[in-house]
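Have a look at the structure below, then the notes.
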2 protein chains.
Amino acid sequence: MRDQFTHAIEDYLKTIYDLSLTHGRASTTQIAEVLNVAPASVTGMIKRLAGAKPPLVEYQKHRGVVLTQDGKIAAIEIIRHHRLLELFLQETLGYSWDEVHAEADRLEHVISEDFEERIARVLGDPTHNPHGDPIPTRDLEIPPHATLCLSHLRPNDRGTIRRVRDTDPELLRFLSDHGIVPPASFTVTGYTPFDGNLTLQINGRDQAVVLGMRITQQIYVERE
Amino acid sequence: MRDQFTHAIEDYLKTIYDLSLTHGRASTTQIAEVLNVAPASVTGMIKRLAGAKPPLVEYQKHRGVVLTQDGKIAAIEIIRHHRLLELFLQETLGYSWDEVHAEADRLEHVISEDFEERIARVLGDPTHNPHGDPIPTRDLEIPPHATLCLSHLRPNDRGTIRRVRDTDPELLRFLSDHGIVPPASFTVTGYTPFDGNLTLQINGRDQAVVLGMRITQQIYVERE
DNA sequence: CCAGAAAATTAGTTACCCCTAAAACAAGAT
DNA sequence: ATCTTGTTTTAGGGGTAACTAATTTTCTGG
């Protein structure tokens, strides 16, 4: 089942999957930004993906792409690798949550199905990675996960941190330094309308912390 | 220090290092056979390696190549990755010794120095992989290891299996099925001059086993 | 509605790493 | 000294995946 795709193709599929979740479609520019390549390179690759033996994306010029069923299956398979690896690196090798992403990004393309299976078993078939992202199951279902964005909460709302959708190590260190890690519980104590800043009081902490929208839009929570 | 080289370059360096150990030099054809590529491809890559910014090999037309000091350092670094990974796969994920090589061959090119360091520490800075090959130290020294070939022993010689230099899974399963795994001890009970077959009685086993030269030349032992 | 900005595509290169076919070389046999 | 065999190199080519530069399409404001 693996080794069908090049590393580059896998990266594109993963990126398109991710962008489609929030935007419905993935545009050339968006993909280019995430993958750090020129837009022209994306156009070229999109044509390959659309022209593959079973097409992996549906492509309409100037309108971006959506994954086909085949493309979606491949993407989820890679995401399972990635998230299992992240948890494995943390649990077995003592990586911190800001370090796991970069290493998993390289390993995800080369591990065998056997390796995947073994770490899944060692970890006890986990459902979420260190960032709280759901780990697709063996049959590629996505486990239930929080979809309520922290940015939508207001003062006096209480809840639990469930997921941090960001891979910037600096930001992740900042957040864990302030106790903002799943499954911390918290109370919103402040909100400034113009800039969207939220003040959070994490349970068991002295200092409250103020977070801008750039951050609160990346954090998903469960309301109490 | 890593990411200087492509996967292909790393494979060539590793192969040249290995061939140089037994043959002094590595010829184009030998390299081509090991890497399963056409001889012409090897000539091309050799030129790249010899023309690199610090040259990685010394190249004389029609005479094969030797690694430069820079090339040797790079090769040993990769071999350290490979052998640490093999042991890690066996110890941590329960791989059998015939499965570790193939997986390590892919992983060795993508793990970070940090990953290397972490598995080395988890394993307690081991000196040998599951096959008994020495694992280069952090400063790239090769630990002492057996150099006496089993094929040189004769009836009534006793010794200990120290190293099996072969990666064929079928052969490795055959050997472990017969208890021929480091550090098993044994007595040579027979020898046929014409074909070089040796009969081995492994301590603690009922059945003796007859091994051809194809096999005994790949096994290194310590004589009692 | 149309001009200019933004987004996307085409065209043309480059680098990597493999291939086949054919020519050149090395070295022992005649 | 030449032939023959096997090894090695040259020449030419293909696929992947990136790039820049120039062009085309789409969107948006006046």
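Order of the sequence lines fixes the chain letters, A, B, ..., with proteins taken first and strands second; residue numbering starts at 1 for each chain.
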Taking N or O atoms only and anything under 3.5 Å, show me the protein contacts with nucleotides 16-21 of chain C, one pair per line.
residue: dC17(C); atom: OP1; partner: Thr6(B); partner atom: OG1; Å: 2.4
residue: dC17(C); atom: OP2; partner: Thr6(B); partner atom: OG1; Å: 3.4
residue: dC17(C); atom: OP2; partner: Arg48(B); partner atom: NH2; Å: 2.3
residue: dC18(C); atom: OP2; partner: Tyr12(B); partner atom: OH; Å: 3.3
residue: dC19(C); atom: OP1; partner: Ala38(B); partner atom: N; Å: 3.4
residue: dC19(C); atom: OP2; partner: Ala38(B); partner atom: N; Å: 2.7
residue: dC19(C); atom: OP2; partner: Ser41(B); partner atom: OG; Å: 2.5

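- The interatomic distance linking Asp11(A) (CG) with dT16(D) (P) rounds to 17 Å, in whole Å.
- The interatomic distance linking His23(A) (NE2) with dA7(C) (P) rounds to 13 Å, in whole Å.
- Rounded to an integer number of Å, the gap from Tyr59(B) OH to dT10(D) C1' is 10 Å.
- One finds no side-chain N or O of Lys61(B) lying less than 4.0 angstrom from the OP1 or OP2 phosphate oxygen of dA26(C).
- Between His145(B) and Asp133(B) there is no side-chain heavy-atom pair separated by less than 4.5 Å.
- Heavy-atom distances to DNA chain D give each of Ile46(B) and His62(A) a nearest nucleotide, and the one nearer the 5′ end belongs to Ile46(B).
- Looking at heavy atoms from C-beta onward, Asp11(B) lies in side-chain contact with Glu108(B) at the 4.5 angstrom threshold.
- His109(A) and His81(A) have their aromatic ring centers separated by at least 6.0 angstrom.
- Atoms CG (Leu49(A)) and P (dA18(D)) sit 11 Å apart, rounded to a whole Å.
- Residue Thr28(B) is in sugar-phosphate contact alone, with no base atom involved, counting any heavy-atom pair closer than 4.0 Å across all strands shown.
- Lys47(B) has its NZ atom 8 Å from the P atom of dT9(D), to the nearest Å.
- When rounded to the nearest whole Å, the span between CZ of Arg63(A) and C1' of dT26(D) equals 8 Å.
- Arg83(B) places a side-chain N or O within donor-acceptor distance of the main-chain N or O of Pro134(B), the cut-off being under 3.5 Å.
- Both the sub-6.0 Å distance and the 45° axial angle are not jointly satisfied by Arg162(A) relative to the ring of Tyr220(A).
- Side chain of Gln218(A) to main chain of Arg165(A): a donor-acceptor pair is present (N/O by atom type, distance under 3.5 Å, no hydrogens or angles).
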